[in-house]
Amino acid sequence: MSRIRVGMVSFAHSTHPERALSALLRNPSAEVIGIWDDRPERARPHAEPAGIPLFDDLAALLLRCDAVVVSSEYDLRAKHLRAAVDAGVAILCEKPLAPTAEMLNDVADILTEGTRPFMVAFPCRFIPAVVAARGAIAAGEIGRVLAVNATNRGACPHDWFVDPTRSGGGAIMDHTAHAADLIRWLTGAEYASIHALAGDNLLGLAVEDSALLHVEMTNGVVGSIDTSWSRTGAMPSTFDITMRIIGTEGTIEVNALAQHVDVYAEALSWNVYSGSIDDAMIDEFLRHVSGGSVPSIGLPDVAAATALSFAAYRSIEEGKVIRLVEQD
Amino acid sequence: MSRVRVGVIGMGAMGRTHLRAWRSIGEADVIGVVSSRPQEGVAVYETVESLLAHGQPDLVSVCTPTDTHPAIVRELLAAGCDVVCEKPLALTAVEAAGLFAEAESAGRMLAVGHVVRHFPQYSEVRAILDSGRLGTPATARLRRAVPWPAGASDWFSDEARSGGVVFDLMIHDLDFLVGEWGRPETVFARRADGPGTSMVTATMRFPEGVLAHVEALWGGVTELEYSCEIAGSEGSVEFSSRRSAGMVLTSAITGAMRHESPTILDPYAAQLRHLAEVRRAGTVATSDQQTIETIMTCEMIGRSLQTRQSVSAQGWGKA
């Protein structure tokens with residue numbers, strides 16, 4: 001069986017393309033045939049050790065691919081997704097899709113034209129504890145879900161991430177989508193309204209470095225998301241994913257990084273042992289590429305998660321609750 | 001790729017676990033189980049003979065009470081089957097070594113379900129020890145507890161059949177230690193028993209000087225608990241099932257709290273997939289010295305509990 005030829009479009013994101021590349025290299029059904037980056041110096045340290053050619057022409061790379069992984073700056077995603085759709089290749093794209101509501105609409109139009117599988121890189125849906133929690137909810141173990149309080153805190157990646165003309169904002173743009181997608185996935189409902197608070201005490205940047213979002217779902221579930229770049233100091237991890245799920249008959253606590261071994265050597269470090277969610281996500285994407293099937297994580301999911309960020313900024317600007325859709 | 005025809009003997013908790021794990025790995029067909037009760041969705045045979053005669057399995061999981069393991073393993077090997085036997089393989093090291101010898105002369109695979117070898121948290125600890133980041137390892141503290149095990153005719157409670165909490169539960173942590181540092185040179189153990197509770201603590205010293213404290217408990221808990229702490233001259237490593245649970249579920253319906261550490265690849269599936277690979281590669285019947293030495297360590301602990309004195313490795317293991 002011939003392997004799926006995968007190209008990587010941009011290493012603009014600070015960690016995600018590197019993790020996707022490692023997972024692709026471990027996967028027997030993929031062959032990474034090339035990397036393109038408008039700033040090749042970002043991709044070179046990853047391409048050269050793996051013996052992967054760097055392309056200086058995106059179109060030339062797309063011609064040779066069955067599938068691409070898109071990890072460019074948010075303001076360039078529309079352009080790169082356009083090129084990938086025109087080339088007829090399958091797409092795995094990082095979240096969020098765009099830095100502004102207008103560009104999100106454009107991207108949605110482009111992707112709707114696509115005929116090949118499109119999947120969003122939401123690896124958090126593959127966290128075994130999240131999957132277990134979803135199973136427990138479906139089995140009725142905590143009754144009806146009333147509230148989901150989540151955190152997806154991180155460390156500020158700086159660079160273009162803190163330039164609002166490119167990223168659309170700060171911590172809210174960077175760290176809303178994963179938790180927002182999980183709440184939507186676990187509750188099976190859409191976002192009805194949002195209220196957001198922002199702060200800038202951590203880094204003193206032009207964009208917010210801390211934020212608390214309060215949401216309500218169309219089925220009445222209440223939720224909150226902490227998107228702050230607050231993994232500072234000697235914190236052993238640069239991000240977290242936690243959820244407290246409160247039901248009528250019980251509660252579930254999910255902590256994606258809890259399953260680690262504490263190593264106290266040079267400093268405290270955490271060796272997480274629950275398995276690679278990148279491998280699981282890449283594997284799922286490749287299966288859809290070879291089967292031509294529709295991935296379970298698609299445009300409506302990433303569009304909802306991205307639009308929530310824009311509504312958060314409107315809430316901060318206007319100092320009030322923003323309604324996204326009418327409640328049932 | 002040819003699929004392996006699998007049989008499972010015994011449908012208690014471990015038999016059901018094997019059945020589920022075999023079905024999940026996608027390279028095996030479970031052709032039948034041996035059970036005295038009807039089972040859903042699988043052919044049920046009343047005896048091992050009828051499973052062998054009608055099911056013609058390539059490989060069989062033995063998940064029966066411990067005292068029945070040796071006779072069933074022998075019967076399967078004689079019939080030309082590869083065998084995965086739940087731990088403990090036998091209640092004496094001499095008997096375990098004899099079973100491996102029989103597998104060897106039959107040219108069949110005999111593997112033992114020491115599933116903790118496939119738990120990723122213990123693999124992490126092994127990798128950290130191997131890396132040398134902790135310097136010279138000095139002390140180890142391992143703990144394991146389960147609710148009092150329920151078995152047909154309460155066979156777990158009969159120590160002549162199950163070996164008690166040492167052979168049935170502590171064996172996991174002893175196997176980890178033996179795998180890391182060999183068989184202990186000195187062992188001392190104490191037990192404390194109450195209604196519905198059996199606890200054993202064992203302290204031991206390994207040939208390279210590592211001291212280990214191991215606690216095993218039946219009863220007194222509502223779910224499986226385990227922890228591991230190892231300290232060396234340059235650092236230490238630790239985890240516990242309670243603190244490192246990815247999901248904690250508190251249910252008002254059951255009134256219980258559950259700590260779970262789900263992994264992308266389930267350890268039982270990882271174990272069986274590994275065995276299927278070993279089998280495909282044709283490397284059969286490699287005698288598992290670690291398993292034999294682990295059982296020997298259980299016997300040393302048993303002797304210490306009996307004599308209330310420390311037990312030295314000298315004089316053991318000549319068989």
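Every chain is numbered from 1 and lettered A, B, ... according to where its sequence line falls, protein lines coming before strand lines. Everything quoted here is computed from the prediction, not taken from an experiment.
In this structure, B:Tyr122 and B:Tyr226 have tilted ring planes: the angle between them lies in the 30° to 60° band. Note: A:Phe11 and A:His46 have parallel aromatic rings, judged against thresholds of 30 and 60 degrees for the angle between ring planes.
At a 4.5 Å heavy-atom cutoff, the contact between A:Ser269 and chain B is made by side-chain atoms alone. Only the backbone of B:Glu234 comes within contact range of chain A, with heavy atoms under 4.5 Å apart. For A:Val131, no part sits under 4.5 Å from any heavy atom of chain B, backbone or side chain. At a 4.5 Å heavy-atom cutoff, the contact between A:Ala280 and chain B is made by side-chain atoms alone. B:Ile128 touches chain A through its side chain: at least one heavy atom from C-beta onward sits under 4.5 Å away, while N, CA, C and O do not. For a residue to count as touching a neighbouring chain, one of its non-hydrogen atoms must lie under 4.5 Å from one of that chain's; by this rule A:Ile277 touches chain B with backbone and side chain alike.
With chain A as the partner, the residue from B:Glu229, B:Glu260, B:Arg243 showing the most heavy-atom pairs under 4.5 Å is B:Arg243. Chosen from A:Val272, A:Thr251, A:Ile142, the residue pairing most often with chain B at heavy-atom distances under 4.5 Å is A:Thr251. In terms of heavy-atom pairs under 4.5 Å with chain A, the best-connected choice from B:Gly235, B:Cys228, B:Ser236 is B:Ser236. The candidate with the highest count of non-hydrogen atom pairs below 4.5 Å against chain B, out of A:Leu268, A:Asp279, A:Val261, is A:Val261.
Between B:Ser261 and B:Ala245 the shortest heavy-atom distance is OG-CA, 3.7 Å.
Heavy-atom contacts from other residues, nucleotides or ligands closer than 6.0 Å to CZ of B:Arg126 number more than 12.
Checked against a 6.0 Å centroid threshold, the rings of A:His260 and A:Tyr273 do not count as neighbours.
A:Tyr264 places no side-chain N or O within 3.5 Å of a backbone atom of B:Ala231 that could act as its donor or acceptor partner.
Seen from the ring of A:Trp229, A:Arg153 does not count as a face-on cation partner, given the 6.0 Å and 45° thresholds.
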